[in-house]
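When a ligand or atom number is given, it counts from 1 through the structure's own listing order. Values below: all heavy atoms of this structure, side chains included; hydrogens, waters and symmetry mates excluded.
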Amino acid sequence: MTQQIKKITNFTDIYALFGGTFDPIHYGHLIPIEELAKKIGLHHVILLPNNIPPHRIKPKASIQQRLEMIKLAIKNNTLFSISTSELKRKTPSYTVETLISFRQQIGWKKQLGFIIGQDSLISINTWFHWKKILDICHLLVCARPGYTTYFPTIEMQQWLKNHQIYKPEILKNKPYGFIYIANTSLLNISSTKIRKRKYNIKNYKYILPPKVLNYINKNNLY
Ligand code: ATP
């Protein structure tokens, strides 16, 4: 962790985190983020696998297995590194608390971006203390098929209007507080469908890295 932070402070760009259950990690996580990184000039993204996600049932794969799959997926890819800080927690991972603990380590001057998919954006009002999130970081949103930016409540529509920016260079004007929705590729991939073995066997090469698929098969996961 300390090592990662030292590495990051050499960069002048945004300190970017991407949280998820990664049960398992797939190309729907990796490809949109690589595109986002190119669009906004991110040099580094820290993957933040969570332990007990607040909104969902317990992951099927163990912590070690999810971590192993992430390591296999990002091997030789210098864009990504992993933080195990959430995995060490015994209590639910609330994003707002995780972000505050990152802020305590990197200070409040540096741009901090939390990356989410569009499905997470439209349900963000269900997150613990969701309104505080933009007081801590920017939200960097990747497109996901089947989800628009339409919010069901006026309060949320107004929240988006107040914070959304369209030019990524504006992100650098403030350390937190903006929402940037990137026009990334729409990949119809989800961990749920992988766990339920919903994809045609021939298509797996488009769904997740081959090493991750081998690991799943070898360990009889899902
Ligand atoms: P599950 O199907 O188990 O809910 P998932 O595929 O949605 O899992 P998560 O690990 O829960 O994956 O997601 C972590 C983050 O990645 C979330 O912010 C989610 O919105 C985003 N994400 C997941 N899949 C995609 C995708 N295909 N395109 C864009 N964003 C995605």
Side-chain angles (χ1 to χ4, degrees), residues 16-40 42 45-63 65-74 79-80 82-87 92-96 98-99 112-128 130 133-134 137-151 160 179-199 203-209 212-213 215-216 221-222:
L17 303 171
F18 179 45
T21 311
F22 305 117
D23 185 22
I25 189 163
H26 52 67
Y27 283 139
H29 297 126
L30 300 167
I31 293 173
I33 300 226
E34 292 199 6
E35 293 177 358
L36 172 80
K38 274 198 192 126
K39 273 180 205 291
I40 67 177
L42 291 178
V45 174
I46 299 176
L47 300 176
L48 200 60
N50 52 26
N51 182 7
I52 308 169
H55 300 112
R56 46 185 297 165
I57 50 164
K58 234 176 140 270
K60 271 203 151 188
S62 69
I63 290 173
Q65 288 167 331
R66 286 185 292 130
L67 198 53
E68 197 50 47
M69 290 189 280
I70 298 171
K71 283 183 188 163
L72 291 170
I74 65 169
L79 178 64
F80 296 105
I82 309 171
S83 164
T84 54
S85 58
E86 288 214 341
L87 291 177
S93 316
Y94 288 114
T95 301
V96 74
T98 303
L99 291 168
L112 175 63
F114 191 70
I115 304 172
I116 54 175
Q118 212 145 341
D119 56 315
S120 302
L121 180 70
I122 61 162
S123 59
I124 200 159
N125 62 333
T126 62
W127 293 16
F128 182 63
W130 66 278
I133 287 175
L134 288 177
C137 65
H138 296 308
L139 282 174
L140 309 173
V141 185
C142 291
R144 190 166 188 179
Y147 299 93
T148 62
T149 44
Y150 179 77
F151 286 122
L160 178 66
I179 302 171
Y180 175 68
I181 303 177
N183 188 15
T184 49
S185 296
L186 292 169
L187 297 174
N188 193 1
I189 306 174
S190 78
S191 300
T192 304
K193 280 202 202 161
I194 298 171
R195 289 194 302 276
K196 292 188 174 167
R197 300 268 180 178
K198 289 262 166 129
Y199 296 103
N203 292 336
Y204 271 96
K205 58 175 181 271
Y206 306 112
I207 304 296
L208 75 179
V212 178
L213 181 61
Y215 183 90
I216 292 173
L221 294 180
Y222 315 125

Which atom of Ser185 lies closest to which atom of Pro32, heavy atoms considered: O-CG, 4.3 Å
Is any side-chain heavy atom of Tyr27 closer than 4.5 Å to one of Glu34? no
Which atoms of ligand 1 are found less than 4.0 Å from any heavy atom of Ser191? 1 (P), 2 (O), 3 (O), 5 (P), 6 (O), 8 (O), 12 (O)
Taking atom CG of Asn183 as the centre, does the number of heavy atoms from other residues, nucleotides or ligands within less than 6.0 Å exceed 12? no
Just so I know, are the side chains of Tyr199 and Ile194 near enough to count as touching, which here means a heavy-atom distance under 4.5 Å? yes
Any side-chain heavy-atom pair of Lys71 and Leu47 under 4.5 Å: no
Could a heavy atom of Gly19 be found less than 4.0 Å from some atom of ligand 1? yes
Using a 4.0 Å heavy-atom cut-off, say whether Thr192 meets ligand 1 through its side chain, its backbone, both or neither. both
Could you list which atoms of ligand 1 come closer than 4.0 Å to a heavy atom of Ile116? 18 (O)
With atoms numbered from 1 as shown, which atoms in ligand 1 lie under 4.0 angstrom from a non-hydrogen atom of Phe18? 15 (C), 16 (O)
Is there a heavy atom in Asp23 that sits closer than 4.0 Å to ligand 1? no
For Gly20, counting its heavy atoms only, list the atoms of ligand 1 lying under 4.0 Å from any of them. 10 (O), 14 (C)
So do His26 and Tyr204 actually touch side chain to side chain, heavy atoms under 4.5 Å? no
Report yes if Pro145 has an N/O atom closer than 3.5 Å to an N/O atom of ligand 1; otherwise report no. no
Show which atoms of ligand 1 fall inside a sub-4.0 Å distance from at least one heavy-atom site of Leu187. 26 (C), 27 (N)
Quick note on ligand 1: atoms under 4.0 Å from a heavy atom of Ser190 include exactly 2 (O), 6 (O)
Give the ring-plane orientation class for Phe128 versus Tyr94, where under 30° counts as parallel, over 60° as perpendicular and anything between as tilted. tilted
Pick, from Gly146, Gly117, Ser185, Pro24, the option with the minimum heavy-atom distance to atom 30 (N) of ligand 1. Gly117
Those atoms of ligand 1 less than 4.0 Å from some heavy atom in Phe22: 10 (O)
In terms of the angle between their ring planes, are Phe22 and Phe18 parallel, tilted or perpendicular, with boundaries placed at 30° and 60°? perpendicular
Short question: side chain of Arg195, backbone of Leu221 - any donor-acceptor pair under 3.5 Å? no
Does ligand 1 have any atom sitting under 4.0 Å from a heavy atom of Ala143? yes
Are the side chains of Leu17 and Leu99 in touch, meaning some heavy atoms are under 4.5 Å apart? yes
Looking only at heavy atoms of Tyr27, does any of them come nearer than 4.0 Å to an atom of ligand 1? no
Is any N or O atom of Ile189, backbone or side chain, closer than 3.5 Å to an N or O atom of ligand 1? yes
Thr95 and Trp130, any side-chain heavy atoms less than 4.5 Å apart: no
Does ligand 1 come near enough to Arg144 that some N or O of the ligand is less than 3.5 Å from an N or O of the residue? yes
Within-shell test, Arg195 vs ligand 1, heavy atom, strictly < 4.0 Å: yes
Find out whether Ile74 and Leu30 are in side-chain contact, i.e. whether some heavy atom of one side chain is under 4.5 Å from a heavy atom of the other. yes
Where on His29 is there a heavy atom closer than 4.0 Å to ligand 1, on the side chain, on the backbone, on both, or on neither? side chain
May I ask you to list the atoms of ligand 1 that are less than 4.0 angstrom from any heavy atom of His26? 6 (O), 24 (N)
